[in-house]
Amino acid sequence: MIDTNATFRSWLTTSAAIVALVGDNINCPDLPAGANPAAGEKWISFFSRGGTADLYVPFLTSALQLKAWARTAVEAREIYRAVFDLVHGASAVDLGVDGFIVCAWEQVQGQDLSDPDTGWATVLAFFDVTIRNA
């Protein structure tokens, strides 16, 4: 079975733009305990909210929900744009032992939100990513 969450996380860490913005602060399924965007930390959290498996080829298409977290809406939008630039329209991305991205696209454009519990700025977006084993 392909671990779509691990493959997607691995892919995000290959982007110099994303790493420059959030470092290793990419977590699934949500922010870890103690994360604090109000203190200037920037994060990406994501999880698979569903998807499909192909009956004839070893492909999984994962519907991913992603949130970019930051102190301000401008910073959160910057993180989202870096993810969009990497993911939308990508195809044939070989991640070695971590898997192979067949194709990926944005399903729902980023929505600027404020987390109702914390007030932290977020951008919520949805992506479809088709993955197979390496």
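In this chain, numbering begins with 1 at the start of the sequence shown.
Residues passing the side chain to side chain contact (heavy atoms under 4.5 Å, CB included) test with V19: none are found, sequence neighbours excluded. The side chain to side chain contact (heavy atoms under 4.5 Å, CB included) test applied to S45 returns D30, L31, K67, W69, not counting sequence neighbours.
Distance check: L113 CG to T122 OG1 gives 4.5 Å after rounding to the nearest 0.5 Å. Atom CG of N133 and atom CD1 of I2 lie 4.5 Å apart (nearest 0.5 Å). Between the CZ atom of R132 and the CZ atom of F59 there is a distance of 6.5 Å, given to the nearest 0.5 Å. For the atom pair CG of D24 and OG1 of T13, the computed distance is 7.5 Å after rounding to the nearest 0.5 Å. Note that OG of S62 and CG of D128 are 8.0 Å apart. Values are rounded to the nearest 0.5 Å. One finds the CD atom of E106 at 10.5 Å from the CZ atom of F126 (value rounded to the nearest 0.5 Å).
What you find for P37 and W43 is that their closest heavy atoms are CG-CD1, 4.3 Å. In this structure, A121 and A73 approach most closely via the heavy-atom pair CB-N, 3.4 Å. Heavy-atom minimum distance, E75 versus A70: CB-CB, 3.5 Å.
The backbone N or O of I26 lies less than 3.5 Å from a partner atom in the side chain of R9, making a donor-acceptor pair. A donor-acceptor contact shorter than 3.5 Å links the side chain of E41 to the backbone of N36. T118 places a side-chain N or O within donor-acceptor distance of the main-chain N or O of W120, the cut-off being under 3.5 Å. N25 places a side-chain N or O within donor-acceptor distance of the main-chain N or O of K42, the cut-off being under 3.5 Å. Remark: the backbone N or O of D3 is paired with a side-chain donor or acceptor of T7 at under 3.5 angstrom. The closest donor-acceptor contact from the side chain of R77 to the backbone of G110 lies under 3.5 Å.
There is a path of hydrophobic side-chain contacts, each under 4.5 Å, that joins F46 to V83. Under the 4.5 Å side-chain heavy-atom criterion for Ile, Leu, Val, Met, Phe, Trp and Tyr, L95 and L12 are members of the same hydrophobic cluster. Residues V74 and I79 do not share a hydrophobic cluster, clusters being chains of Ile/Leu/Val/Met/Phe/Trp/Tyr side chains in contact below 4.5 Å. Under a hydrophobic clustering in which Ile, Leu, Val, Met, Phe, Trp and Tyr are joined whenever their side-chain heavy atoms come within less than 4.5 Å, directly or via other members, F127 and V22 fall into the same cluster.
Side-chain atoms of F8 and S48, non-hydrogen and from C-beta on, never get closer than 4.5 Å to each other. Under the 4.5 Å side-chain criterion, counting only non-hydrogen atoms from C-beta, I44 is in contact with I18. Contact of the I101 side chain with the T130 side chain is not registered, since no non-hydrogen atoms from C-beta on lie closer than 4.5 Å. Residues W11 and V129 form a side-chain contact, since some pair of their non-hydrogen atoms from C-beta on lies under 4.5 Å apart. Using a 4.5 Å heavy-atom cutoff, the side chains of L124 and L66 are not in contact.
Annotation: ring-ring contact (aromatic ring centres under 6.0 Å, His included) contacts involving residues 80-103, sequence neighbours excluded, comprise F84-H88.
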| request: Run the numbers on L21 and E78 for side chain to side chain contact (heavy atoms under 4.5 Å, CB included), then give the verdict. | output: CA-CA 8 Å; L21 290 168; E78 185 178 27; 3.6 Å; yes
